[in-house]
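Working notes, beginning with the structure itself.
Per chain, numbering begins at 1; letters A, B, ... match sequence-line order.
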Protein chains: 2
Amino acid sequence: MSQTPKQPADRPVPTSADVARLAGVSRATVSYVLNNTSAVRISEPTRVRVRAAAEELGYVPHAAARSLRAGHTRIVLLPTAHIPVGPLYSRFFNELQWELRRLDYTVVQYGSLGLGADEAARAWAELRPVAVVSLGEIELTPQGVRLLKRSGARAVITLGPQRVEGAHALVMDQREIGESAVAHLRERGRRRIGVLIPEEPGLELFSKPRLAGARKAAHGTDTVIEPVTMAYTEESAAELAGRWRELGLDAVFAYNDEYAMLLMRALQDADIDVPRETAVIGADDLLLGRLLRPRLSTVHVEMVTGRHLAELVDRVVRDPDGAPERHDLMGARALPRESS
Amino acid sequence: MSQTPKQPADRPVPTSADVARLAGVSRATVSYVLNNTSAVRISEPTRVRVRAAAEELGYVPHAAARSLRAGHTRIVLLPTAHIPVGPLYSRFFNELQWELRRLDYTVVQYGSLGLGADEAARAWAELRPVAVVSLGEIELTPQGVRLLKRSGARAVITLGPQRVEGAHALVMDQREIGESAVAHLRERGRRRIGVLIPEEPGLELFSKPRLAGARKAAHGTDTVIEPVTMAYTEESAAELAGRWRELGLDAVFAYNDEYAMLLMRALQDADIDVPRETAVIGADDLLLGRLLRPRLSTVHVEMVTGRHLAELVDRVVRDPDGAPERHDLMGARALPRESS
DNA sequence: TTGAAAGCGGTACCAA
DNA sequence: TTGGTACCGCTTTCAA
């Protein structure tokens with residue numbers, strides 16, 4: 001009943017040749033009309049005929065053919081990690097991809113399944129992306145960067161603490177976060193500071209530099225940094241809280257607000273007073289952290305917006321030889337509330 | 001100093017013709033060797049020469065050229081919405097894309113910038129995706145589905161409450177969530193139930209069906225459903241709590257756990273006893289909900305895993321004419337804790 | 001103003 | 001066992 005008579009269902013999608021035939025013109029003319037090529041003047045009647053034919057057939061150009069001919073794509077490749085990152089990062093990532101789309105790029109997410117750095121670069125290069133934005137899941141090597149550039153990538157951008165030769169660097173220095181947290185705790189007079197390391201796999205990318213930053217802030221002072229591990233479960237938090245007093249710590253930087261909330265509750269349930277006996281500080285400035293009592297102190301992270309990064313990508317694509325910019329992606333500052 | 005002499009930096013990436021030339025064979029042979037084509041026997045010495053040449057030049061095949069020739073791609077297109085979805089959904093989405101990658105698909109995220117349904121379908125079709133998984137950001141039409149199928153899509157899968165003709169349906173019926181919540185509150189003797197609608201744009205996709213489900217559960221009973229709006233800020237929550245008593249409600253289904261936590265705290269700060277005076281229930285079963293006192297009641301959502309969906313995609317791609325499956329993506333059940 | 005044809009980089013058929 | 005070559009769909013000279 002609801003068969004549409006005009007479009008036979010499963011004939012393959014028509015090509016520009018089909019349009020040309022129906023309109024009684026050449027394929028060249030079809031291309032000119034449909035792309036509004038300005039270097040060539042096509043009479044209005046012809047334009048109309050071509051457009052009508054395209055419309056009637058439901059013509060859709062073939063992106064791969066087009067970019068094969070053009071010699072380049074509009075693909076921005078985003079390697080993605082298979083890890084449970086926080087809400088802040090998700091939001092950033094989502095916004096980035098959205099803004100890239102707005103700038104008319106095609107966003108390809110590429111999960112790099114345990115590939116080595118150079119294998120991954122090879123796999124990415126097959127798509128001939130015009131840009132690669134590596135958020136740090138895979139360590140790009142200088143060779144990898146070179147390969148990508150040779151294969152048409154005009155922008156290779158890495159976030160993450162370390163520079164890669166040949167790539168544009170956006171430094172997202174997680175260490176600042178740990179540094180701010182510990183500096184703040186020290187100001188509050190704390191001297192034996194625990195640093196929480198999540199047990200969840202994949203989070204080392206964030207937790208290790210945060211710990212390093214904490215150590216840096218304590219370096220050369222009388223402050224002791226003690227790493228402690230915890231999983232994101234009530235049981236693990238309770239277990240840790242249960243042996244808290246043995247650890248003899250008077251403060252903890254709890255990786256982020258989510259872990260901090262969990263641990264703080266567990267400490268309270270174990271009758272450890274926060275902040276008197278132990279100060280707690282998280283990171284990310286989640287709204288929910290303000291709901292607990294005491295209100296959770298946190299490190300507010302000023303992250304670049306996805307839009308910002310998308311625009312940088314676009315700028316580099318347009319002018320790859322511009323001075324290799326180096327941007328700082330975040331600033332961190334402690335936001336004391338009641339738990340520290 | 002660290003210039004690698006072997007690979008001249010900016011000569012374009014070599015083609016299979018270059019490899020053939022260097023190895024002293026034809027392009028056909030290169031293709032056979034590099035693809036391990038079994039229908040053809042190539043001598044071992046030749047294989048070695050070809051592989052060596054490819055290696056030396058840093059040959060990387062051109063995906064677009066390959067799929068142009070092949071007549072199909074391995075692209076799975078994932079239209080994405082520009083909305084702040086919850087952690088559950090993010091996790092699902094991330095897992096989905098990861099598992100698709102594992103099955104050797106190329107995941108393309110496609111933000112559909114205010115395109116209409118059919119314009120979007122056209123834009124997607126340009127990429128000739130082998131599958132499209134529409135999570136509901138854009139309402140696919142039957143014409144859109146037909147266009148995609150004609151252009152090579154073997155699987156067109158829609159999540160969301162409504163079926164689309166021609167597409168495989170995965171029903172993610174958000175209504176169940178509201179229904180479970182209200183049924184639970186009714187059991188607890190509540191009769192004037194508020195349903196929180198977030199003010200954040202884009203969330204209607206979830207909030208509307210949840211409200212509809214709530215209404216369904218109340219239909220034909222003496223229970224009143226009252227929609228109330230709130231933004232995800234402390235101010236908005238405080239404002240709502242400030243006029244709570246005027247509303248005369250004895251319970252609220254607060255959209256999800258995050259909004260619920262925010263509202264519950266605001267109610268408590270306004271001296272409204274939870275659950276005595278007003279019961280609160282959220283949804284998503286976030287770990288953090290258990291940290292507040294009283295512990296937050298919630299609706300646990302049993303969501304299909306990304307892996308599950310990825311496997312379905314793969315199955316349909318392999319056998320598009322299999323019976324048009326219809327899957328149910330979630331089950332919802334109330335999980336009473338202390339706030340209701 | 002329009003058309004013929006080359007060519008982008010692979011693959012696979014048919015011959016040799 | 002290997003090579004020649006047509007072709008996938010599109011853009012863009014170059015001629016007419």
A/Tyr59 meets the ring pair (Phe, Tyr, Trp, His ring centres under 6.0 Å) criterion, sequence neighbours left out, with none

A/Glu119/A/Arg122 ion pair, N-O < 4.0 Å: no

Residues 13-33 of chain A vs salt bridge (charged side-chain N to carboxylate O under 4.0 Å, His left out), sequence neighbours excluded, gives A/Asp18-A/Arg21

Where along nucleotides 6-12 of chain C does protein come under 4.0 Å, by heavy atom, of base (B) or sugar-phosphate alone (S), with - for untouched nucleotides? BBBBBBB

With heavy atoms under 4.0 Å as the rule, sort B/Val30 into base, sugar-phosphate or nothing. nothing

As a check of understanding: the bend across the helix from C/dT1-D/dA16 to C/dA16-D/dT1, end axes from five pairs, rounded to 10 degrees, works out to 50°

First contact, last contact: which nucleotides of DNA chain D are these for chain A, 5' to 3', heavy-atom distance under 4.0 Å? D/dG9 to D/dT13

Mind checking whether A/Leu170 and A/Ile157 have side chains closer than 4.5 Å, heavy atoms only? yes

Given DNA chain D, 5'-ward residue of the pair B/Ser43 and A/Val40, judged by closest heavy atom: B/Ser43

What do you reckon, is CZ of A/Arg91 surrounded by more than 12 foreign heavy atoms closer than 6.0 Å? no

Scan side-chain atoms only and decide if A/Asn94 and B/Thr80 contain a donor-acceptor pair under the 3.5 Å cut-off. no

Side chain to side chain contact (heavy atoms under 4.5 Å, CB included) filter on A/Leu135, not counting sequence neighbours, yields A/Tyr89, A/Phe92, A/Phe93, A/Val133, A/Glu137, A/Leu159

Remember a base hit wins even if backbone is also touched, and classify B/Ser67 as base, sugar-phosphate or nothing at under 4.0 Å, heavy atoms. nothing

Is a side-chain donor or acceptor of A/Ser67 paired with a backbone partner of A/Ala63 at a separation under 3.5 angstrom? yes

Salt bridge flag under 4.0 Å for residues A/Arg307 and A/Glu311: yes

Salt bridge flag under 4.0 Å for residues B/Arg318 and B/Asp314: yes

